[in-house]
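These notes are about the structure you will find just below.
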Amino acid sequence: MHIEANPFAYEFELEKTALVLIDMQRDFIEPGGFGETLGNDVSLLEAIVPATKAALQAWRNAGGLVIHTREAHKPDLSDCPPAKRNRGNPSLRIGDAGPMGRILVAGAPGSQIIEALAPVDGEIVIDKPGKGMFYATGLHELLQQRGITHLLFGGVTTEVCVQTSMREANDRGYDSLLLEDCTESYFPAFKAATLEMIRAQGAIVGWTAPSAALLAALDSAN
Ligand code: TIU
């Protein structure tokens with residue numbers, strides 16, 4: 001299969017490709033969560049939910065593997081170093097009690113994936129303590145066991161956890177594509193810059209494409 005992508009077509013085999021949705025959690029997308037405590041306008045992120053849901057549904061219908069990540073720490077915060085907990089100028093820090101439970105702590109309501117994109121049976125859910133999805137998660141080994149070589153990305157935020165995960169993926173030998181309308185930043189200029197830098201220099205980190213191009217690829221394969 002191939003997707004009409006930037007800077008050129010992206011070739012993939014369905015059985016060797018996973019759709020990865022990064023950190024589509026209440027803490028980042030809904031009012032009252034971590035994103036808002038960092039001073040951000042979370043309504044920007046909510047706008048990608050319909051396109052992301054459509055891409056997820058099409059991928060599920062095609063029988064593709066789905067990975068969901070969550071940025072979520074252990075309750076004792078032993079996996080959250082001061083270099084992370086003390087950064088920013090939030091009114092609430094990671095681990096503090098917020099309106100949706102403890103901020104970015106596994107099991108808290110705010111750390112759950114938003115209802116519209118909730119994982120279903122057979123999908124993989126990874127709790128990650130860092131920005132990148134490979135750091136301290138064992139995900140690379142799991143993907144290797146399943147013969148995955150290609151990754152399609154959506155999620156939030158574009159320049160933080162999504163970009164870090166794509167760069168980690170590139171270093172580990174995966175060919176990655178970011179679905180342009182299934183990712184968002186609290187800073188539109190950062191999203192635009194991230195899309196540019198991913199695909200610059202001949203797809204130095206990976207490809208980008210609108211989700212319609214993925215849907216067209218899946219349609220034409222039927
Ligand atoms: N603050 C911000 O833009 N992002 C994060 O803290 N985590 C993710 O990107 N998931």
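Order of listing sets the numbers, starting from 1, for every ligand and every atom in it. Predicted model only: the values in this text are computed from it and were never measured. These values consider heavy atoms only, across backbone and side chains, with no hydrogens, waters or symmetry-generated copies.
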So the salt bridge (Lys or Arg N to Asp or Glu O under 4.0 Å) pairs with at least one residue in residues 95-120 (sequence neighbours excluded) are Arg85-Asp96
| message | Students often mix this up, so state it plainly: with edges at 30° and 60°, are the rings of Tyr174 and Phe134 parallel, tilted or perpendicular? | response | parallel
With a 4.5 Å cut-off on side-chain heavy-atom distances among I, L, V, M, F, W and Y, is there a chain of contacts connecting Ile29 to Leu92? yes
- Cluster check Ile94, Ile22: I/L/V/M/F/W/Y, side chain < 4.5 angstrom: no
So CG of Leu65 and CD1 of Ile67: to nearest 0.5 Å the spacing works out to 4.5 Å
For Thr183 and Lys191 the tightest heavy-atom approach is O-NZ, 2.9 Å
Near ligand 1 (heavy atom, under 4.0 angstrom), the protein residues are Asp23, Phe28, Leu38, Glu71, Val156, Thr157, Val160, Cys161, Tyr186
